Amino acid sequence: LPADRQQKREQLVAGAERACREQEFVRCDRWLTEAAAIAPLTPALVQLQTAAQEGLAPLAEELKLYRDGDFDFLLNRLWRRREEEPANRDVRKLIVDAYYNLGILDLQRGDPAAAADKFREALALDPERAPGIFGMLVLAGFDDERIAAVVPPSREALLRFARYAVTTGARHLAGETFNRVLALDRL
């Protein structure tokens with residue numbers, strides 16, 4: 001196996017092991033599947049993937065809706081499930097991914113305002129998605145001011161936007177955003 005492929009496989013396996021420990025079975029299963037495409041899984045990793053798939057069994061219908069691209073109907077089901085299982089990381093991930101995918105579909109349909117609403121929902125649940133979402137908005141023709149309007153008022157999302165604003169040279173927006181974070185911290 002070439003060194004770069006071996007390194008990629010090791011990263012996938014390490015990520016999968018971490019995801020399984022944190023009960024993020026969607027990621028665990030996906031990354032082990034990608035690792036297996038590079039080289040066969042060890043018996044221990046096959047067992048880990050089986051455990052992840054068993055952990056996903058209660059979400060079988062939701063995962064089918066996701067694969068079918070029925071994101072609107074899926075979101076209704078996932079929000080109900082989230083009320084029942086607020087700590088389920090797979091449910092949260094699927095909600096975020098559904099909003100992200102709906103945002104992309106809205107951009108493809110030429111409706112950037114609807115896309116911004118979907119991306120705002122995704123950011124509110126998972127601010128770590130900020131770089132990808134900000135990049136998607138830039139591709140859709142959003143300027144920094146319009147991107148700032150998409151950012152939900154959570155500390156982490158605002159900090160990620162402030163960092164983004166600094167990297168794009170929009171220092172005034174970065175300063176305003178840091179002030180919003182400070183105001184939140186005082187509450």
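Just so you know, these numbers come straight off a predicted model, no measurement behind them.
We find the CZ-CH2 distance between R9 and W31 to be 15.5 Å, quoted to the nearest 0.5 Å. With rounding to the nearest 0.5 Å, the separation of CG in L94 from CZ in R77 is 12.0 Å. Atom CG of L41 is separated from atom OG1 of T50 by 9.5 Å, given to the nearest 0.5 angstrom. Going from atom CZ of R30 over to atom CG of L32 covers 11.0 Å, rounded to the nearest 0.5 Å. The distance from atom CZ of R120 to atom CG of L125, rounded to the nearest 0.5 Å, is 13.0 Å. Separation of atoms CG (L74) and CG (D97) is listed at 9.5 Å; rounding is to 0.5 Å.
V151 and Y99 sit in two unconnected hydrophobic clusters of ILVMFWY residues. Membership requires side-chain heavy atoms under 4.5 Å apart, directly or through other members. Grouping the Ile, Leu, Val, Met, Phe, Trp and Tyr side chains by contacts below 4.5 angstrom, directly or via other members, places L1 with L12. Follow the hydrophobic side-chain contacts under 4.5 Å out from M136 and you never reach L105; the two are in separate clusters. At a threshold of 4.5 Å between side-chain heavy atoms, the hydrophobic network of Ile, Leu, Val, Met, Phe, Trp and Tyr places F25 and V46 in two separate groups. The cluster map of Ile, Leu, Val, Met, Phe, Trp and Tyr, joined by side-chain heavy atoms under 4.5 Å apart, puts V96 and I133 in different clusters.
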For this session: Mind running side-chain contact (heavy atoms from CB on, under 4.5 Å) on L78 and E62 for me, showing each step along the way?
Result: CA-CA 7 Å; L78 289 171; E62 288 85 354; 3.8 Å; yes
For this session: Show your reasoning for whether side-chain contact (heavy atoms from CB on, under 4.5 Å) applies to L65 and E61.
Result: CA-CA 6 Å; L65 290 169; E61 290 179 34; 5.6 Å; no
Exercise. Please walk me through it: do R171 and V166 pass side-chain contact (heavy atoms from CB on, under 4.5 Å)?
Worked result: CA-CA 5 Å; R171 296 192 187 282; V166 167; 3.7 Å; yes
Exercise. For D126 and R129, what are the C-alpha separation, side-chain angles and deciding distance, and is it a salt bridge (Lys or Arg N to Asp or Glu O under 4.0 Å)?
Worked result: CA-CA 6 Å; D126 189 0; R129 295 291 290 270; 5.0 Å; no
For this session: Carefully, step by step, assess L102 and L75 under the rule side-chain contact (heavy atoms from CB on, under 4.5 Å).
Result: CA-CA 10 Å; L102 284 170; L75 280 170; 3.4 Å; yes
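Under a cut-off of 6.0 angstrom, the local environment of CD in Q23 is sparse, with at most 12 non-hydrogen atoms contributed by other residues, nucleotides or ligands. Shown here is K8, whose NZ atom has no more than 12 heavy atoms of other residues, nucleotides or ligands within 6.0 Å. Counting non-hydrogen atoms of neighbouring residues, nucleotides and ligands closer than 6.0 angstrom, the CD atom of Q47 reaches no more than 12 such neighbours.
Side-chain contact check for I104 versus K118: every heavy-atom pair is 4.5 Å or farther apart. The shortest side-chain heavy-atom distance between D29 and T33 falls under the 4.5 Å cut-off. Residues L173 and F161 are in side-chain contact: their nearest non-hydrogen atoms beyond the backbone lie under 4.5 Å apart. Side-chain atoms of L107 and F119, non-hydrogen and from C-beta on, do get closer than 4.5 Å to each other. Two residues are said to be in side-chain contact when any heavy atoms from C-beta on lie closer than 4.5 Å; F142 and V150 meet this criterion. For the pair R81/P58, a side-chain contact is recorded, criterion being any heavy-atom separation below 4.5 Å from C-beta on. At least one side-chain heavy atom of V13 sits less than 4.5 Å from a side-chain heavy atom of E17. D185 has its side chain within reach of R155: a pair of non-hydrogen atoms, C-beta onward, lies under 4.5 Å apart.
Residues satisfying the salt bridge (charged side-chain N to carboxylate O under 4.0 Å, His left out) criterion with R89, sequence neighbours excluded, are E22, E24.
The stretch residues 7-73 participates, sequence neighbours left out, in these disulfide (SG to SG under 2.5 Å) pairs: C20-C28.
Between G110 and P112, the shortest heavy-atom contact is O-CD, 3.2 Å. In terms of heavy atoms, Y100 sits closest to G132 at OH-O, 4.0 Å. In terms of heavy atoms, A130 sits closest to L123 at CA-CD2, 3.5 Å. L184 and S154 make their closest contact through CD1-C, 4.1 Å (heavy atoms, listed as atom of the first residue, atom of the second, distance).
With respect to the salt-bridge test (charged N to carboxylate O, under 4.0 angstrom), the residues D90 and K93 do not qualify. With respect to the salt-bridge test (charged N to carboxylate O, under 4.0 angstrom), the residues R80 and E84 do not qualify.
Aromatic ring orientation, Y66 versus F71: perpendicular (interplanar angle above 60°, classes split at 30° and 60°). Below 30°, between 30° and 60°, or above 60°: for Y164 and F134 the angle between ring planes is between 30° and 60°, a tilted geometry.
Side-chain atoms of R27 never come within 3.5 Å of backbone atoms of A16 as a donor-acceptor pair (strictly under, hydrogens ignored). Between the side chain of R160 and the main chain of P127, a donor-acceptor pair closer than 3.5 Å is present.
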